[in-house]
Amino acid sequence: MVKKLGSPFMFLLMVIISLISLYPFYTMIIMGTYESNQLYTGIKFWFGDSLNKNLASVFSINFLNYYKNSLVVAISTTVLGVLVCSAAGFALGKYQFKGKKLMLAIVIGMLMIPSQLSIIAFVIEMRWFGWMDTLWPLIIPPAASAFGVFWMTQFAKNTIPTEVLESARIDGCNEMSVFLRIAMPFMRPAFVTLALLLFLWSWNSFLTPLIVLNSDALYTIPLGIRGLAGQFRNDNAAQILGITLGTIPVLFFFIAFSKNLIEGLASSAVKG
Amino acid sequence: MSKKLMPFVAILLTLSLVLTACGQSSNTGKNGSKNEGSNPSSAPGDNNTFTEKSPEEYSGEFTLWAWGDFEANVVPAFNKVYPNIKVNVEVIPNSDYGRKLQTTIASRGDMPDVSLMEVSARGALMSLDAWEDLSAAPYNAKLDDLLEYALPLITNEKGEVVTIQEDATMAGIAYKRDLAREYFGTDDPKELEAIFSNWDVFVEKGKEVYEKSGGKVTLMSGLYEEGFRLLSGSYTEPWVVDGKLNIESTFKPVYELMEKMTKNNMFGKLDTWSASWNASFANNNVIFYATPTWFVPHGIKPNDPDSEGRYGLMRAPVSYQWGGTGMSIPKDAKNKELAWQFVKWVTMSMDGAKAFAEVNNTMTLYKPAMEANIYSAADPYFAGQDIMSKFIEIGKETKARPITLYDSIITDSNALTMKMIENGRTAEQAYNELVKMILESAPELK
């Protein structure tokens, strides 16, 4: 009885919540089809007729190249980051060694410090490596994400049974095989969640590219889109269209892996 | 086992390919900077002077960080005179320009050879010990060639000229001719100047316009920031003197005037640069706009492109100026001599002035170009009025307030306290709040 009464109500509630959540996203899509000076003349519910004009503005800047740079940076960070973080997480979660507590404390400490605070030291370091005005500072440091290491450590500690690892060792597995063949499958849900988060952070990163990149040829999407804002005028509609186009890969990844993402978040929420 | 390892091998291979792509980009960047470093013109001021050469003899490249296309636009004309100097214009978003510059200075990163200083961020930037003094050797900028009013805007507190402003920024009032005829019976600039000769008339006429239009039309758009620029523009006291706040003589009278004007509905509530303000040009809800030179090509014309002949330009009761972008040469620049050729050519040459006017539709501060009458022309958009000559006439009487380190804090606080006046608070309340807010941000000014 309760269920029968509750279901239509829940359905309606979910429809309303979905509409509220989706409306800003829908608005972003339709705003990219208006002219900038029409944007604030009233609430828009349907598409405008300036899509081609805005597309021309978006492609008047080096948008495809920004897209390529963003993809290179985000994919590299994700692949490298997942490997580094899961290896570090497995080691910190499942091995006992000297200095482990200190290392974990450093990782947690890094989580607490906003990146803006350390930006000057970061730039000095990147200069020292000779990495200024290259894509390396956007790939290598974020691949060793403090959050990623912490996340994988917690996951490895809670989900990989020590007995399984020990039986693998008894059966003759070396440590690399234990990690790749035994630990990795256990960590898969966290692996996917982390990959999505790393991709998203890298894709949306603005401050680091702003500071380390000087050449337009290396700009990523968030930095490049800002080029549509001049000193006196903002081509808001073209910027919004650029953002919409920039959201496509993130959406694609999210839709493709949403099941794993939720699984990863849920399992760590229960066990973490 | 090997099958299970395959995905990892594939990932590693993909990664190495992708990272190789990064490597190519990085090489380009490094080579670029190496070229700059090895440039023969990269050791300026060794003997404390630049050797005079003909323009063709200067060769090499330099980097300029810009946020728009003001500078890039004049590069082709510059290269006609200096064919062997390559200008690398790197575009940094305007809103993030200061942050990038300050971080680069703090971390001693690679500075550009020419950096821009927009007037609103100039106080904090000029006080950094990061810029060449362009009035000293080896640059020896001929400051007499620039309109006098600009000198306080380009000089830091140590008396060094650390930037040369590109554009002239003297300002008047642009008005919509149709609305001026409807409400004041004339659209002639001279007659309107005679009517609007003091602020009391502004208050009186502002009230009339509001009442006659049933509240649909206001004389001016809003307090922030047009109203403030117009009303405060004639005050030349620096806002900080000897490390103490010195705003009373400027802000008290300006706020009192604002209070009176707001109570009489002279101002609308449109913030300058907001979407509704942009829309007001093509609509009929505002008559007057505080208008510096650059505002014509960047404020009025883009917002109201189909209104040829609709606008007029008149003097305000006071001579004032607003805005401006300067070009500076960082101490850490690698190609100072080449950079200086560009800065000098744009800001202090007849060719530069002509090119600037042609591509940017506004003028530089170079006096000889104004005296040679190169800008004089009937502007059809202003119903044939020679607005450039009007601006030059205003420029001769314009004075500017020296910029201080704290100007942006004061400007930001002022943007908030003006809202108090707009919402019916008294000038005194707003002024007290302004002082409180500034001292909270900069307690050392007490």
Side-chain angles (χ1 to χ4, degrees), chain A residues 36-41 61 68-69 71-73 75-76 78-80 82-83 116 119-127 130-136 138-140 177 180-181 184-185 206-207 210-219 222-234 236, chain B residues 1 4-5 8 11-12 14-15 17-19 21-23 25-30 32-33 63 65-70 88-97 99-100 102-110 112 116 118 273-276 278-279 281-282 294-295 297-299 302-303 323 325:
Chain A
S36 286
N37 55 8
Q38 298 172 325
L39 282 182
Y40 304 104
T41 51
I61 56 174
K68 188 200 89 188
N69 291 334
L71 278 175
V72 165
V73 169
I75 292 173
S76 314
T78 308
V79 174
L80 202 62
V82 163
L83 286 175
Q116 288 87 340
I119 189 81
I120 290 174
F122 177 78
V123 173
I124 293 171
E125 193 181 25
M126 292 304 114
R127 254 171 63 77
W131 284 358
M132 289 302 281
D133 207 22
T134 71
L135 295 179
W136 296 111
L138 311 184
I139 298 170
I140 306 296
S177 300
L180 294 176
R181 297 176 60 202
M184 280 288 211
F206 180 75
L207 183 65
L210 171 74
I211 305 297
V212 300
L213 300 180
N214 293 330
S215 311
D216 184 73
L218 294 173
Y219 279 10
L223 201 53
I225 286 174
R226 294 291 276 267
L228 287 167
Q231 184 183 352
F232 306 105
R233 280 178 72 77
N234 276 350
N236 290 326
Chain B
M1 176 180 159
K4 289 202 170 173
L5 275 175
F8 295 105
I11 285 171
L12 283 173
T14 316
L15 193 64
L17 278 175
V18 164
L19 294 183
C22 306
S25 308
S26 68
N27 286 341
T28 322
K30 272 188 186 169
S33 54
T63 304
W65 282 1
W67 51 69
D69 47 14
F70 243 44
N88 300 314
V89 180
E90 288 172 358
V91 179
I92 317 275
N94 177 249
S95 50
D96 311 295
Y97 193 94
R99 181 157 55 160
K100 167 141 180 154
Q102 282 179 316
T103 312
T104 309
I105 293 169
S107 60
R108 296 196 69 83
D110 286 337
L116 302 185
E118 209 270 325
W273 312 118
S274 67
S276 48
N278 283 329
F281 287 87
W294 51 268
F295 194 81
H298 295 288
N303 278 313
T325 296

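What you see below is based on every heavy atom in this structure, not just the backbone, and it leaves out hydrogens, waters and symmetry mates. So that the names make sense, note that chain A is the first sequence line, chain B the second, and so on, each numbered from 1.
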Exercise. Are the side chains of A:Leu210 and B:Ile92 in touch, meaning some heavy atoms are under 4.5 Å apart?
Worked result: yes
Problem set entry | Contact summary for B:Arg108 and A:Arg127, nearest pair of heavy atoms |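 Distance-wise, the nearest heavy atoms are O-CZ, 2.7 Å.
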For this session: Might you point out which heavy atoms bring A:Tyr219 and B:Val91 nearest each other, and give the distance in Å?
Result: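 Scanning both residues, the minimum pair turns out to be OH-O, 2.7 Å.
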Exercise. What pairs with B:Ser107 under side-chain contact (heavy atoms from CB on, under 4.5 Å), at least two apart in sequence or on another chain?
Worked result: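 B:Ser107: side-chain contact (heavy atoms from CB on, under 4.5 Å) contacts with A:Ile120, A:Val123, A:Ile124.
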To the nearest 0.5 angstrom, please state how far the [atom1] atom of [X] sits from the [atom2] atom of [Y].
| X | Y | atom1 | atom2 | answer |
| --- | --- | --- | --- | --- |
| A:Ile119 | B:Gln102 | CD1 | CD | 13.5 Å |
| B:Asp110 | A:Asp133 | CG | CG | 8.0 Å |
| A:Asp216 | B:Asn88 | CG | CG | 12.0 Å |

Problem set entry | With A:Phe122 via ring pair (Phe, Tyr, Trp, His ring centres under 6.0 Å) - residues at least two apart |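 With neighbours one apart ignored, the set is empty.
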Exercise. What part of A:Leu213 is in contact with chain B, defined as an atom under 4.5 angstrom from a non-hydrogen atom: side chain, backbone, both or neither?
Worked result: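 Backbone only.
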